[in-house]
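Written out below as structure tokens is the structure these notes cover.
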Amino acid sequence: MSLRRQKLLKKSIIYLLLTLLSAFSVFPFLWMLITSFKSSAEILAGQVIPSRVVFDHYEKLFEGLFPRYIFNTFVVTSSTTILTVLFALPAAYAFSRFKFKGKTPLLLFTLFGQTVPGSVRFIPLYLTMLALGLLDTLTSLWIGYLGWLLPFSMWMLYGFLNSIPIELEEAAMIDGASRSKTMLYILLPLCAPGIVSVAIYCFISAWQEFMLANVFIEDPSKRTLTVGLVSFIGQYKIDWGQMMAGSMVSTLPVTIGFVLFQRWLISGLTQGAIKG
Amino acid sequence: MKKLMKKLSFVWVVLCLLVIFVSSALAKQEVRLKWWVGTWLWENGKAQKMAEMFHKEYPDIIVEPIPQPYEGYLKKLVTVMRAKNPPDLFNAHVLWMATLAPTGGLMDVTDEIHELGGSGYFFNGPLESTKFKSRYYGFPYRTSAEVLVWNKNLFRAAGLDPETPPRTWSELLWAAKQITEKTGYPGFGISCKEPHASWEFRRLILNFGGDVVDDPVNPTRATIDGKPGILAGQYYQNLVKAGVLPINALANNMDDTKLEFTAGRLGMFVSSTAYFSLFDEAGIDYGVTLIPGHGYGGVGVEPTLAFFIGVSNYTEHKKEALEFVNFLLRPENNTWFTEALPTVRKAAKAPRFDTPKLNVVMQQMEYAAPAMKFVQRAEVCNILEETVQRIVLGEDVERVLDDAAKKIDKILAP
Amino acid sequence: MSGKNAKLRGRYFDALNKWYFYSLPAFVMIAFVTIYPVMINLFQSFFSIGFDGTWHFVGLNNFEEIIGSRIFYIVLKNTLIWTIGSVTGILVLGTITALLLNEDFKGRVFFRAILLLPWVIPRVIAGLLWKNMFHADIGIINEMLIRVGLLKSPVAWLGNPYIAIFPVMLTQIWQLYPFAMITILAGLQSIPQVLYEAAAIDGANGWQKFCYITVPQLFQVIRVIVLLLFIWAINAFDITFVMTRGGPVHSTELLPMTIYLNAFEYGKFGKAASTAIIASFISMVFAIIYLKKSDPVRE
């Protein structure tokens with residue numbers, strides 16, 4: 001088969017598989033989308049295709065505190081992400097590039113906290129925040145998230161850094177570069193995709209976290225998006241219309257934001273390599 | 001580029017921190033009472049309206065209704081109670097009384113209840129349900145009973161008279177069979193998942209003259225393996241054999257069953273009054289009747305369902321909180337505030353409760369039995385859930401009930 | 001072999017006292033948020049604690065009760081199936097997707113965005129969505145399968161104790177495979193282009209390039225996230241709770257569910273703590289074996 005035909009075949013397989021996978025990932029969202037435009041009566045009656053398009057749910061969303069929730073969530077999630085990466089990266093670097101005793105036990109210790117299921121860590125954490133007077137503040141959230149996300153972020157960055165051969169840095173240091181310069185101009189660009197993936201992990205985990213956000217925050221004006229969405233689940237009925245509309249509003253912009261952000265960040269980090 | 005980005009992220013972080021600290025520094029003044037309201041009430045704006053009306057009468061007190069999502073509400077309440085930091089006022093389901101009262105977070109309001117007039121003021125059933133170990137820990141404000149609903153269209157399609165619902169459990173089984181055979185849709189729905197599985201099964205046992213434990217308030221041993229329990233278990237298995245249950249039965253709680261009913265694909269089930277508005281919205285032609293009884297013409301017994309408003313035991317504003325509760329429980333306010341039926345006797349006389357359907361509900365409330373109210377209630381209910389599931393799966397009824405009795409005895413042992 | 005390298009080693013060694021400088025902030029935060037809860041948890045597991053908050057020392061009693069209960073073994077079995085199933089599913093889908101997205105083609109950005117979607121919605125809502133879809137009587141999965149002819153009569157996906165765990169696993173995989181996808185993709189993208197070019201110059205074809213360059217890197221990344229996925233699988237709660245609440249006769253009950261029931265419904269905080277210790281123990285055993293064998297710790 002000619003090279004051109006090979007490439008074409010390859011491309012079609014790629015598109016086919018990706019479409020199948022996307023269908024799998026996305027078809028519940030299609031249902032979500034349709035439901036968000038269906039009237040409540042039709043949702044209850046179990047009608048699949050709405051007879052008319054209804055904007056009530058979106059209107060109600062924006063009349064309420066929903067936009068505020070988006071802002072709160074965005075603030076908490078961004079700070080969490082930035083701080084987590086800022087703290088985790090040097091720590092991962094230390095583990096990867098330094099030689100010292102007790103590395104394995106320390107790593108295990110870091111992971112140990114995470115292996116204890118959330119339900120039991122919960123009340124003591126609440127008591128801690130209570131004692132510090134941080135309850136009902138967004139601060140308590142990003143502190144809680146930071147402690148929760150750091151171990152795994154460190155672990156992932158550690159893995160990424162390990163996969164980058166140390167020879168490049170050694171070469172640079174032999175040439176007289178300082179450690180920090182090496183780290184910034186050689187290491188960083190190489191593990192840029194890794195850092196970005198960890199940032200995405202932090203962002204999404206913080207974004208959709210429910211339990212801490214529900215219990216630590218009381219004031220509705222400080223509430224986060226996830227709590228807002230879940231509050232449409234009542235004891236006797238689920239407000240599907242609003243919940244789906246809210247889900248649409250909260251997931252699509254984030255995803256679009258990611259894609260743009262990801263490109264920008266990677267290009268930003270790798271630019272350094274070219275200069276250095 | 002690198003340095004710029006570093007600077008930017010630093011600035012961003014500082015900004016975020018500033019925003020957060022500033023927003024959290026908003027101070028609070030005056031007597032402010034925090035009132036946790038479940039979102040199922042909040043949606044109608046009633047809680048906010050109540051707070052406003054109260055503030056007009058008592059200008060020094062501000063009640064802040066704070067909506068709580070239902071999902072995770074129990075977890076949240078338990079957490080704040082254990083941390084000795086509950087809100088001044090909060091609404092909750094009486095089923096949670098046994099879980100919340102022992103934490104010491106609920107204020108003992110026995111005296112206040114007596115002041116209001118005790119059972120002369122409140123209906124008996126809901127009032128008793130807020131008791132825990134002979135003391136009252138909350139004020140009931142909303143109550144209802146579950147009743148049998150049936151889909152008139154499906155009745156017609158099955159050749160049954162749409163105005164004559166079944167009056168006994170055996171009639172019900174027969175009617176359900178007709179519906180399934182003639183329309184292909186399940187005739188009767190039951191819950192096999194908590195929090196309703198245990199409730200419904202216990203209801204059936206009560207209807208056959210027995211109970212799960214010897215005393216719903218101070219149990220010492222299980223009685224679920226007695227004759228009534230066996231009859232109830234056999235009835236469930238008869239339902240399974242007749243093929244009238246929804247296919248999803250083992251994964252259904254009352255909410256899932258309700259979904260089938262609003263989709264017009266279920267013949268009958270015992271429903272909460274809170275669902276009536278949903279049936280109306282979905283356009284279902286339905287009827288409401290008393291729960292079937294044991295013998296012909298008898299009426300089924302139903303444990304009391306209610307919601308209460310509790311006061312924090314650690315509140316700094318006891319007097320103000322109680323004033324608000326009193327305000328809420330004035331007959332005219334109780335009439336308006338509740339979604340289902342009021343708990344104040346005078347309030348129930350209001351015309352808005354005089355609809356045929358609600359009259360049936362009020363009638364059903366006369367046949368109320370006390371709900372289980374002891375500390376180990378939740379554990380016993382989870383055992384009941386497992387029992388129901390095993391019975392529906394076809395295991396030998398006597399053996400399953402025997403197992404359940406043993407486990408319950410173990411839990412109840414001091 | 002000495003001269004330059006000695007200088008380098010020297011630089012590494014006298015920077016020894018600086019490793020904690022880099023990792024201090026991280027450890028402080030982790031300790032702050034984790035130590036107190038974990039220590040308390042450890043203590044609580046030896047006590048019986050009721051709702052009224054009083055602690056009674058019971059030694060190993062909690063552990064005995066748990067290990068002596070029939071349900072515990074069902075839960076362990078479920079955990080085994082769940083962990084192997086969901087981790088494998090997530091890795092397989094994540095790897096395939098990452099490999100596909102690593103290729104250069106139009107619309108790559110678009111696919112990358114929408115494949116991320118399942119991960120972004122709150123777990124509770126994802127659980128509810130799929131629960132509704134798997135509803136045996138009114139859910140669309142049965143409806144579609146019957147219409148297409150693959151099924152003759154509706155299947156009780158969540159109502160059948162023998163199969164209930166599978167729809168729940170599917171939901172978990174659906175929600176989490178984007179994580180694997182993103183991370184593996186990042187790993188693939190870290191492979192310097194020069195390696196491929198050099199291999200091409202040496203005469204390697206596509207398949208060989210894949211086997212000798214891509215696959216090792218793939219394994220590297222997967223090794224990193226397998227541990228995480230494993231720990232998450234053991235601690236999975238929300239989706240099982242929302243979809244089946246432990247499933248017909250405990251068939252979808254996992255350890256975190258038992259913990260939740262004990263802590264927030266039964267009021268048995270001591271027992272909840274002990275169950276948590278057991279769950280943690282299982283994770284730690286895996287972590288230790290894993291770290292010893294696969295040795296990502298650089299010496």
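Each chain gets a letter, A, B and so on, in the order the sequences are listed, and its residues count up from 1. Hydrogens, waters and symmetry mates are skipped; everything else that's a heavy atom, side chains included, is used.
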| message | Below 4.5 Å, heavy-atom pairs only: which of B:Leu393, B:Leu100, B:Ile411, B:Leu266 has the largest tally toward chain C? | response | B:Leu393
| query | So which of C:Ala164, C:Gly267, C:Pro161 has the biggest tally of heavy-atom pairs under 4.5 Å with chain B? | reply | C:Pro161
Tabulate, with distances rounded to 0.1 Å, every donor-acceptor pair spanning chain B and chain C at under 3.5 Å.
{"residue": "C:Arg70", "atom": "NH2", "partner": "B:Glu386", "partner atom": "OE2", "Å": "3.1"}
{"residue": "C:Lys131", "atom": "NZ", "partner": "B:Asp256", "partner atom": "OD1", "Å": "3.4"}
{"residue": "C:His135", "atom": "NE2", "partner": "B:Asn248", "partner atom": "ND2", "Å": "3.3"}
{"residue": "C:His135", "atom": "NE2", "partner": "B:Asn252", "partner atom": "OD1", "Å": "3.4"}
{"residue": "C:Ala136", "atom": "N", "partner": "B:Asn248", "partner atom": "OD1", "Å": "3.2"}
{"residue": "C:Asp137", "atom": "O", "partner": "B:Arg265", "partner atom": "NH2", "Å": "3.0"}
{"residue": "C:Asp137", "atom": "OD1", "partner": "B:Ile247", "partner atom": "N", "Å": "3.2"}
{"residue": "C:Asp137", "atom": "OD2", "partner": "B:Ile247", "partner atom": "N", "Å": "3.3"}
{"residue": "C:Asp137", "atom": "OD2", "partner": "B:Asn248", "partner atom": "N", "Å": "3.0"}
{"residue": "C:Met243", "atom": "O", "partner": "B:Lys193", "partner atom": "NZ", "Å": "3.4"}
{"residue": "C:Arg245", "atom": "NH2", "partner": "B:Asn382", "partner atom": "OD1", "Å": "3.0"}
{"residue": "C:Val249", "atom": "N", "partner": "B:Gln389", "partner atom": "OE1", "Å": "2.5"}
{"residue": "C:His250", "atom": "NE2", "partner": "B:Glu386", "partner atom": "OE2", "Å": "2.7"}
{"residue": "C:Glu265", "atom": "OE1", "partner": "B:Asn382", "partner atom": "ND2", "Å": "3.3"}
{"residue": "C:Tyr266", "atom": "OH", "partner": "B:Asn382", "partner atom": "ND2", "Å": "3.1"}
{"residue": "C:Lys268", "atom": "NZ", "partner": "B:Glu379", "partner atom": "OE1", "Å": "3.0"}
{"residue": "C:Lys268", "atom": "NZ", "partner": "B:Glu379", "partner atom": "OE2", "Å": "3.2"}

| said: Heavy-atom cut-off 4.5 Å, strictly under: side chain, backbone, both or neither for C:Ile49 against chain B? | reply: side chain
| query | Can you name the closest pair of heavy atoms from B:Ala251 and C:Leu158 and give their distance? | reply | CB-O, 3.4 Å
| note | Nearest heavy-atom approach of B:Leu74 to C:Phe264 is CD2-O, 3.7 Å
| query | Quick one: of B:Val388, B:Val392, B:Leu250, B:Ile247, who has the most non-hydrogen atom pairs under 4.5 Å with chain C? | reply | B:Ile247
| If you count heavy-atom pairs under 4.5 Å between each of B:Cys381, B:Gly104, B:Pro246 and chain C, which one has the most? | B:Pro246
